[in-house]
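Indexing begins at 1, ligand by ligand and atom by atom, following the structure's order.
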Amino acid sequence: MPSRYKYHELMPEIGREGQKRISQAAVAVIGLGALGSTCSMLLARAGVGRLILFEDDKVELSNLQRQLLYSEADIGKSKAELAKRALHRANSEVVIKAVPQKLSKINIKLLLKGDVDLVADCTDNLMARFVLNDFCVKNKLPLVHAACLAAQGQVFCIMPNRACFRCLFEGATAGITPKQAGVLNSCPAATAALQASQILRILTGKEPVNGLIRVDVWRCEVTRIEVKKNTKCKACGNK
Ligand SMILES: [Zn+2]
């Protein structure tokens, strides 16, 4: 029988063994805006065994410009439930749990190792990113962060024993947000594609690329900045 994942299996980077690992993995996607839409859709189509989707928001008209999971008929409805349905339509083999809640110190425990192998940070605020970082570092869970502003995106893979989000952004302030600066709709699509690639790389047992990946989709520039572990980091220092 032809495999649904033939085109991944043909790649030496993945192969049948890698595809098997992907199908046995569980990934939590936190945030189902523009990044989370594309990231979760790529992971579902790649055949990730289980997906847990966190999002408490409802669809608004201004989301449709870049949030690829939703349509006009969805305005006012829960993103988590809509996403679950859309991803299931794309791949019914994937077991999907929708959590239509804001990530909190209580429900974050759904992300404990054993239940989840990796966390995708598709949130839209600094506080949630720090909460996720600290939890994943403490529980030795790989975390793949992504963020976008205007035409610029970034991806950062936080692995046990590597630099964490706090090593890089401790002391950062919220600064200018997408609500002020806008978002070019291709930017989260491109950034989430880079994020999903690194996630698949980790799920197949390989190390993700090191450092902070930055992309400017308007200027067509991709750069990678080396990030050193801060030995005094509150989350990962001296561990
Ligand atoms: Zn750190």
Under-2.8 Å protein N/O/S neighbours of the Zn ion (ligand 1), ordered by chain then residue number: C164 SG, C167 SG, C233 SG, C236 SG
Polar side chain donor-acceptor pair, N91 to R4, under 3.5 angstrom: yes
Transitive ILVMFWY side-chain link L32 to L82, under 4.5 Å: yes
Linked, directly or transitively: I106 and F135 (ILVMFWY side chains, under 4.5 Å): no
Name of the residue among T191, T223, V155 meeting side-chain contact (heavy atoms from CB on, under 4.5 Å) with V215: T191
Salt bridge E60-K79, side-chain N to carboxylate O under 4.0 Å: no
Validation row, ring centre F165 to ring centre F156 under 6.0 Å: no
